[in-house]
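This structure is a prediction, so every number in the text was calculated from the model and none was measured. By convention in this document, chain letters (A, B, ...) are assigned in the order of the sequence lines, proteins followed by strands, and residues within each chain are numbered from 1.
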Number of protein chains: 2
Amino acid sequence: MNSSTEEDYLKAIYKLTPQFPDGVLTSAIAEVLETKASSVTDMLKKLSEKGYINYVKYQGVTLQPIGEEVAIKVIRKHRLWEVFLAEKLDFTWDEIHEIAEQLEHIVSVNLIDRLDKYLGFPKFDPHGDPIPDKNGKFQKIKDVALRDLNVGDVAILVGVREHSKEFLQYLENIKLLLGSKIEVLNKFAFDESVLVKINGKSEIMLSSLLCKNISVTHEKPKK
Amino acid sequence: MNSSTEEDYLKAIYKLTPQFPDGVLTSAIAEVLETKASSVTDMLKKLSEKGYINYVKYQGVTLQPIGEEVAIKVIRKHRLWEVFLAEKLDFTWDEIHEIAEQLEHIVSVNLIDRLDKYLGFPKFDPHGDPIPDKNGKFQKIKDVALRDLNVGDVAILVGVREHSKEFLQYLENIKLLLGSKIEVLNKFAFDESVLVKINGKSEIMLSSLLCKNISVTHEKPKK
DNA sequence: TCAAGTATTTAGACTAGTCTAAACATTTCT
DNA sequence: AGAAATGTTTAGACTAGTCTAAATACTTGA
Ligand SMILES: [Mn+2]
Ligand SMILES: [Mn+2]
Ligand SMILES: [Mn+2]
Ligand SMILES: [Mn+2]
């Protein structure tokens, strides 16, 4: 069996892989796990021993198939628990992550498949992230960042690329939630801020950083 | 904060207290936690340092109010999760304990009260054990062991005093479940076995050990 | 009552995970 | 290319929890 610490490391490596295709760097892992590089090195040696990763000193790390499998299982658990917390217990999307961070490590042969069934086999979690099925398969979503839209575009918010409480609470505040309709009214080059209309009602100015972290489905302007 | 290990120790001491009113013995704790006496001694020192227990070398241990409070909170969590697993995810009563043993350590300010509400504020868990409310209050049940009934008595199964898989699976097997009606048809002195009729249907012989671990509400014979 | 037996505690060691500081590689810049 | 800066690993130490073996205290019963 794997400890919850090992699971968190494998998950972190999995999530960082797209940004570091030929080897996730020690410092990147240290940053997302809020730990020191030396601790990461120790764990990488151990995960390498166990055959979960391919680790070359100073070169970074890639997941072995078995390590990816573990990572995807943990992510499946995390996202299903998030759905449970949001839909059944009425937690908001900024509250669920840290609880799911613990729940994802509960060990049981049947638990997660039963939970999946109970929730109606959801395909996405409350942040718009896809939920791997029992076999680890899931759709990669083909979304686009809000900041890449053009003036006049209309789009639907389908996900967030940042999960901090502060970010999510701000979105909650301005009623910019999963499924919200966004019209791009204007874009300002000097600070890359964007003026949008939300659900045909409120108009609001969004900062560059915000627009970078909002995923939308691109729809063509109505013309 | 307390580690899950500390929580398990406090819970064990709490549960053993009725049997050891003037000090729970090291060896008793070691047995229920399936660990060694020397490990228990180490932990008792630590819990004593922290003010959770009153520990006198060689004399056993009693809970301080603050330690009892922690223990009751953990028990509340354990039993509510058991209700969730049984009622929402259709686990049987022999499967829920070990999962709840993990879930009881999830840390969150709101989680357990939300779960309580979601479940409709249940008063008893699937084994018939009372669930402490938000303030730690719960009814002590005034039940009696099946073996203390007399021939002719009719009673309802309201709890079990043993939580092993084997015991619970056996009861499941003979359809002797929470709420079952039990009529005492005969009692045999030589091995203290008891012949009963379950729910007015099947007749079965129950061993002494079994009868000791089944709690019933005593009802007077219909006469 | 005191010797034997039993229970408990102490001593010392081990694993998992973490950290700081120092050593060592790699990359970047002049 | 060589020096400086940056990133990574190693060395050594620390905490939480556990264990075995030895020492010590309590209990029992001859
Ligand atoms: Mn986690
Ligand atoms: Mn999520
Ligand atoms: Mn537990
Ligand atoms: Mn129970």
Sugar-phosphate only, base, or nothing, as touched by A/S38 at under 4.0 Å among non-hydrogen atoms: base
Atom-to-atom span, CG of A/D8 to P of C/dA16 - whole angstrom: 17 Å
side-chain N/O B/K36 vs C/dT9 OP1/OP2, d < 4.0 Å: no
Atom-to-atom span, CD of B/Q59 to C1' of D/dA25 - whole angstrom: 10 Å
Sugar-phosphate only, base, or nothing, as touched by B/T26 at under 4.0 Å among non-hydrogen atoms: sugar-phosphate
Pairwise side-chain contact, A/Q102 with B/V107, heavy-atom cut-off 4.5 Å (strictly under): yes
Whole angstrom value for the distance that separates P of C/dA16 from CG of A/L47: 12 Å
Within-4.5 Å side-chain heavy-atom neighbours: B/Y52 and B/V70: yes
Whole angstrom value for the distance that separates P of D/dA16 from NE2 of B/H105: 18 Å
Non-neighbouring partners of B/L178 that pass side chain to side chain contact (heavy atoms under 4.5 Å, CB included), sequence neighbours left out: B/W93, B/L157
Sub-6.0 Å ring centroid separation between B/F84 and A/F84: yes
Closest-nucleotide 5' rank along DNA chain C - winner of A/E6 and A/Y58: A/E6
Distance-only donor-acceptor hits, side chain of residues 131-143 of chain A, under 3.5 Å, sequence neighbours excluded:
{"residue": "A/D133", "atom": "OD1", "partner": "A/N135", "partner atom": "N", "Å": "2.7"}
{"residue": "A/D133", "atom": "OD1", "partner": "A/G136", "partner atom": "N", "Å": "3.0"}
{"residue": "A/D133", "atom": "OD1", "partner": "A/K137", "partner atom": "N", "Å": "3.0"}
{"residue": "A/D143", "atom": "OD1", "partner": "A/R161", "partner atom": "NH2", "Å": "3.4"}
{"residue": "A/D143", "atom": "OD2", "partner": "A/S215", "partner atom": "OG", "Å": "3.1"}

Shortest side-chain distance from B/T35, nucleotide among D/dT9, D/dC19, C/dT9: D/dC19
Rounded distance in Å - CE (A/M43) to C1' (C/dT18): 10 Å
Whole angstrom value for the distance that separates P of D/dT18 from CG of B/L33: 8 Å
Spacing of B/D42 atom CG relative to D/dA21 atom P, expressed in whole Å: 17 Å
N/O (side chain, B/Y9) to phosphate O (OP1/OP2, D/dA16) under 4.0 Å: no
Upstream residue (5' side of DNA chain C) when B/K45 and A/S39 are each assigned their closest nucleotide: B/K45
Atom-to-atom span, CD of A/E31 to C1' of D/dG7 - whole angstrom: 14 Å
Sugar-phosphate, base or nothing in reach of A/S27, heavy atoms under 4.0 Å: sugar-phosphate
